[in-house]
Amino acid sequence: MLEIVLSILIVLSAILALIQKDLLKAAILTGFSGAALAVLFQVLLAPDVALTQAIVEAAIVPIFIALAVKKTQRSDG
């Protein structure tokens, strides 16, 4: 049952990340889906994959996306 709830949460957050206009919100939702996927891997008894998923998808990727968005924003001046 928990696996199904986590799977639905992962898919919904990924879809929400795709339809966001604000790129920072999309980065946050990407991290959210990565964290939920890491929890799913832990529930499925794959702790090594869960740890890698948590580090890469829930932490590093959203930070890189947010930094890229911040560096490429136009200044109206």
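Numbers here simply count residues along the sequence, with the first being 1. What you see below is based on every heavy atom in this structure, not just the backbone, and it leaves out hydrogens, waters and symmetry mates.
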Heavy atoms only: give me the nearest [X]-[Y] pair and the separation to one decimal.
{"X": "Ala27", "Y": "Pro62", "result": "O-CB, 3.4 Å"}
{"X": "Ser33", "Y": "Ser13", "result": "CB-OG, 2.9 Å"}
{"X": "Ala58", "Y": "Ala35", "result": "CB-N, 3.7 Å"}
{"X": "Val43", "Y": "Leu2", "result": "CG2-CD2, 3.7 Å"}

Leu37 vs Leu40, test: side chain to side chain contact (heavy atoms under 4.5 Å, CB included). Steps then yes/no.
CA-CA 5 Å; Leu37 189 57; Leu40 180 63; 4.1 Å; yes
CG of Leu24 to NZ of Lys70, rounded to nearest 0.5 Å, is 9.0 Å
According to a hydrophobic-cluster definition based on side-chain heavy atoms being under 4.5 Å apart (Ile, Leu, Val, Met, Phe, Trp, Tyr only), do [X] and [Y] belong together?
{"X": "Val56", "Y": "Phe32", "answer": "no"}
{"X": "Val39", "Y": "Val11", "answer": "no"}
{"X": "Leu44", "Y": "Leu6", "answer": "yes"}

Would you say that [X] contacts [Y] through its side chain, given a criterion of any heavy-atom pair below 4.5 Å between the two side chains?
{"X": "Ile65", "Y": "Leu23", "result": "no"}
{"X": "Glu57", "Y": "Thr30", "result": "yes"}
{"X": "Phe41", "Y": "Asp48", "result": "no"}

Please name all residues satisfying side-chain contact (heavy atoms from CB on, under 4.5 Å) with Ile8, sequence neighbours left out, ordered by chain then number.
Ile4, Leu12
With sequence neighbours excluded, tell me which residues meet side-chain contact (heavy atoms from CB on, under 4.5 Å) with Ile28.
none
Kindly give the cluster partners of Leu45, where membership spreads through any ILVMFWY side chain lying under 4.5 Å from a current member.
none
